[in-house]
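Notes to accompany the following structure.
Numbers restart at 1 for each chain; the letters A, B, ... are given by sequence-line order, proteins then strands. Just so it is clear, the values below take in all heavy atoms, side chains as well, and ignore hydrogens, waters and symmetry mates.
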2 protein chains.
Amino acid sequence: MSDVGIKDVAARAGVSPGTVSNVLNRPEKVSPATREKVEAAVRELGFVRHGSASTLRAGHSKTIGLSVIDIGNPFFTDVTAGVEEVASDLGYAVILSNSAGCRAKEERNLLVLAEQRVRGVLITPSDEDPARLDRLRERGISVVLVDHPAHRPDQCSVAVNDIGGGMTAVRHLLETGAKSIVYVTGPLTIRQCLDRRAGAERAFGRPLRVVEMGAMNPRAGQQAAEKLLGEGDLPDAVFCANDLLALGLMRGLTHAGVRVPDDVALMGYDDIDFAAASAVSLTSVRQPTHQLGRVATELLLDECDNPATHAHQQIMFQPELVVRESTR
Amino acid sequence: MSDVGIKDVAARAGVSPGTVSNVLNRPEKVSPATREKVEAAVRELGFVRHGSASTLRAGHSKTIGLSVIDIGNPFFTDVTAGVEEVASDLGYAVILSNSAGCRAKEERNLLVLAEQRVRGVLITPSDEDPARLDRLRERGISVVLVDHPAHRPDQCSVAVNDIGGGMTAVRHLLETGAKSIVYVTGPLTIRQCLDRRAGAERAFGRPLRVVEMGAMNPRAGQQAAEKLLGEGDLPDAVFCANDLLALGLMRGLTHAGVRVPDDVALMGYDDIDFAAASAVSLTSVRQPTHQLGRVATELLLDECDNPATHAHQQIMFQPELVVRESTR
DNA sequence: CGTATAGGTTGAAACGTTTTTCAGTGCTGG
DNA sequence: CCAGCACTGAAAAACGTTTCAACCTATACG
């Protein structure tokens with residue numbers, strides 16, 4: 001329990017505590033000679049700044065909060081990795097919380113973040129209600145929306161064009177000659193699923209046959225395959241709302257003797273690592289996930305560090321078609 | 001920037017700040033009537049405790065640190081999810097940091113955690129050097145090793161028996177009739193890779209042919225397939241150090257016309273979700289990842305909250321064989 | 001009726017920084 | 001040679017909570 005404070009360092013270096021603080025926070029304000037002395041004392045004593053004291057007095061912390069919907073989904077994992085990278089580079093700590101799609105848990109987590117006096121929050125909101133986030137902002141905590149476009153100009157957000165992505169996907173399927181297309185999706189309460197369908201139908205020109213599953217994992221995909229097979233008439237192509245569904249579906253079809261892409265073309269969404277690695281590699285729509293996390297964090301920290309010059313931005317990335325074997 | 005402090009609450013409720021603090025921290029010490037009044041004031045004013053002030057005075061925080069090697073690997077993601085669950089339930093915040101296998105970054109991250117005065121640290125160490133962790137412990141920060149057995153009795157750890165896992169894997173392959181077996185692995189500087197090989201060779205009775213790759217992802221697995229095919233003589237079975245390698249390998253083999261499991265049996269390790277979802281479902285060795293995270297966190301928080309009664313434990317989980325199509 | 005006792009509450013000190021004001025020092029230029 | 005200046009560093013006052021000793025006010029008991 002080594003308890004070296006700024007005072008001990010000051011004593012050792014023969015200066016005042018204030019000077020030590022200056023060396024730590026505004027090194028240019030202090031003469032090279034004293035700075036050197038202080039730095040030596042810091043090293044010798046193994047001094048580590050007490051973040052809480054610092055936060056308390058300075059009025060702001062070096063931490064940001066990150067609230068995601070499902071830490072288990074590779075999509076969010078990639079985003080998280082991007083966030084961590086940027087934050088860590090700038091000396092910020094990231095407090096991770098997982099809402100698991102549960103509103104109450106999200107609420108609790110946001111409270112914890114508020115107590116910790118995080119500098120700002122990156123959040124993939126689990127619903128559209130903006131009230132909670134407004135309450136954070138009233139407390140002086142900046143908020144940046146991740147994978148969710150902000151509908152207001154006083155708010156930063158980073159998202160990917162899901163409508164465009166849906167269009168791209170179906171356009172590609174049409175080009176490969178598909179006449180009948182099924183959309184396999186997770187719960188249509190999820191904005192992403194809805195938007196991708198909207199885009200898909202716009203490209204298709206009329207409503208698509210939809211198979212809606214309760215989850216968006218491989219298991220659900222396999223069940224979707226059984227459902228499709230059970231109904232009898234297989235479409236030329238299937239567009240899945242994410243890769244996990246698509247991979248499960250592919251397995252289900254393959255097992256029933258249906259060949260991909262010869263009998264049914266298949267595409268996913270997200271372009272997770274496993275999309276390229278599956279037996280028949282999966283055509284998908286790639287989202288710049290890592291970038292999403294990086295840019296969101298940069299926006300947030302800019303908003304925190306330069307509140308004067310900061311301009312709120314609603315950034316919309318364009319997804320990218322990645323053609324592989326499952327549609328050839 | 002609502003700035004409601006404990007004093008404002010006290011004023012509103014007509015009591016002293018000390019009493020408010022008692023209501024917050026030791027409700028049983030205060031009479032129901034006053035408690036009620038104070039709670040009402042808290043609600044009305046929207047008071048949120050200032051975590052830093054609290055930490056500063058009380059001497060300990062409500063945060064723990066989690067340092068993992070690769071946040072992108074589903075194994076660690078699962079562990080992280082388990083950690084977050086338990087911590088969040090007990091009101092602790094989790095500070096996430098990703099060492100990305102880089103020693104320097106791990107060092108920097110640990111410094112940040114020390115500055116934040118986290119209550120304890122969960123870490124998957126990127127190397128064997130215990131000095132860094134001892135320095136943390138000197139500072140009064142408890143440390144629990146995750147996926148890494150502690151070799152000392154004064155230290156908690158949670159790990160999975162990788163030697164046993166390796167034995168199980170090879171024993172199973174031998175039972176399916178394999179005579180020649182290749183071990184495809186990531187860098188043999190990684191303890192897990194080494195231990196699994198040790199176990200595998202113990203079950204095999206003599207050294208295995210080893211293909212060592214630089215990474216442990218699907219791409220590396222595919223390269224391993226090319227290497228294997230290039231060398232000419234295919235083994236009866238391949239044991240991969242993780243599922244990512246195995247999935248990549250499966251793809252590589254399948255593309256070259258080699259059938260799994262008819263020509264070559266294949267097993268992975270970790271039993272990630274995709275193992276069951278691949279075209280030919282993958283036999284694997286399941287690790288209780290989620291549980292790993294949960295138990296590690298419980299140990300850590302027990303050590304923090306009940307230092308008197310806490311008994312250090314080195315827990316070793318046993319992995320479990322999951323047989324699927326790739327070895328039938 | 002007075003005193004011990006216990007439960008509830010108060011008030012002020014303390015936690016380790018940052019920040020601001022202020023004093024001291026050595027220099028420059030008139 | 002002195003006034004004024006630039007620059008360093010010191011001292012003390014915050015920041016918002018927790019904690020602890022002291023202080024009440026009833027109640028119970030002798």
Side-chain angles (χ1 to χ4, degrees), chain A residues 1-39 41-42 45-63 91 112 114-119 139-140, chain B residues 1-39 41-42 45-63 91 112 114-119 139-140:
Chain A
M1 187 86 74
S2 78
D3 253 5
V4 210
I6 214 173
K7 285 184 203 164
D8 306 298
V9 176
R12 170 82 162 224
V15 299
S16 82
T19 301
V20 176
S21 174
N22 278 335
V23 172
L24 259 35
N25 303 307
R26 302 191 268 319
E28 74 282 0
K29 284 278 173 198
V30 62
S31 75
T34 18
R35 191 193 315 167
E36 182 93 3
K37 268 193 303 183
V38 172
E39 279 163 353
V42 165
L45 267 46
F47 166 77
V48 174
R49 173 215 254 99
H50 194 305
S52 299
S54 165
T55 296
L56 174 58
R57 174 62 239 229
H60 53 80
S61 71
K62 285 289 249 180
T63 57
V112 171
E115 284 196 351
Q116 295 299 325
R117 292 297 194 273
V118 292
R119 198 71 186 278
R139 289 222 163 70
Chain B
M1 188 86 75
S2 79
D3 253 5
V4 208
I6 214 173
K7 286 184 200 162
D8 306 297
V9 175
R12 170 81 163 223
V15 299
S16 81
T19 302
V20 177
S21 175
N22 278 336
V23 172
L24 260 33
N25 303 307
R26 302 190 264 322
E28 74 284 358
K29 285 276 171 199
V30 65
S31 75
T34 16
R35 193 194 314 168
E36 183 94 2
K37 268 192 303 181
V38 172
E39 278 164 355
V42 165
L45 268 45
F47 166 77
V48 174
R49 174 215 254 99
H50 195 305
S52 299
S54 167
T55 296
L56 173 58
R57 176 61 239 230
H60 53 81
S61 71
K62 286 288 248 181
T63 57
V112 171
E115 285 195 350
Q116 295 299 324
R117 291 300 193 271
V118 292
R119 198 69 185 278
R139 290 223 162 69

Test item: B:R12 side-chain N/O and B:V42 main-chain N/O as donor-acceptor pair under 3.5 Å: no
Between B:R26 and B:L56, which has a closest nucleotide on DNA chain D that is more 5'? B:L56
For C:dT17, does OP1 or OP2 lie under 4.0 Å from any side-chain N or O of A:S54? no
Nearest to the side chain of B:H50, which nucleotide is it out of D:dT18, C:dT18, D:dG16? D:dG16
Choosing from D:dT8, D:dT19, C:dT17, which nucleotide comes nearest the side chain of B:N22? D:dT19
Nearest-neighbour nucleotide for the A:A58 side chain, C:dT18, C:dG8, D:dA10 considered: C:dT18
B:E115 has an atom CD; how far is it from atom C1' of C:dG16, in whole Å? 13 Å
Taking atom P of C:dG11 as reference, at what distance in whole Å does atom CD1 of B:I6 sit? 15 Å
For A:S52, answer base if it contacts any base atom (sugar-phosphate contacts may also be present), sugar-phosphate if it contacts only those atoms, and nothing otherwise; contact means non-hydrogen atoms under 4.0 Å. nothing
Within the structure, does a side-chain N or O atom of B:T34 lie under 4.0 Å from either OP1 or OP2 of C:dT9? yes
Measuring from the side chain of B:R49 (C-beta onward, heavy atoms only), which nucleotide among C:dT18, D:dT17, C:dT9 has the closest atom? D:dT17
So, is B:S31 near the phosphate of C:dT9, with a side-chain N or O under 4.0 Å from OP1 or OP2? yes
Give a yes-or-no answer on whether the side chains of B:S52 and B:T55 include a donor-acceptor pair shorter than 3.5 Å. no
Looking for any heavy atom pair under 4.0 Å, which part of the strands does A:V30 touch: base, sugar-phosphate only, or nothing? sugar-phosphate
Can you tell me if A:R26 uses its side chain to pair, donor with acceptor, with the backbone of A:V23 under 3.5 Å? no
Under 3.5 Å: donor-acceptor pair, side chain of A:D8, backbone of A:G5: yes
Select one nucleotide: of C:dT18, D:dT17, D:dG9, the one nearest the side-chain heavy atoms of A:T19. D:dG9
In whole angstroms, the gap separating P of D:dA6 from CD of A:E28 amounts to 18 Å
Per B:V15 side chain, nearest of listed nucleotides D:dA11, C:dT10, C:dT18: C:dT10
Going from CD on B:Q116 to OG on A:S61, what distance comes out if it is rounded to the nearest 0.5 angstrom? 7.0 Å
So what does B:G18 hit on the nucleic acid, given a heavy-atom distance under 4.0 Å: a base, only sugar-phosphate, or nothing? base
Could you check whether the side chain of A:R57 and the base of C:dT17 have a donor-acceptor pair of N or O atoms closer than 3.5 Å, going by distance alone? no
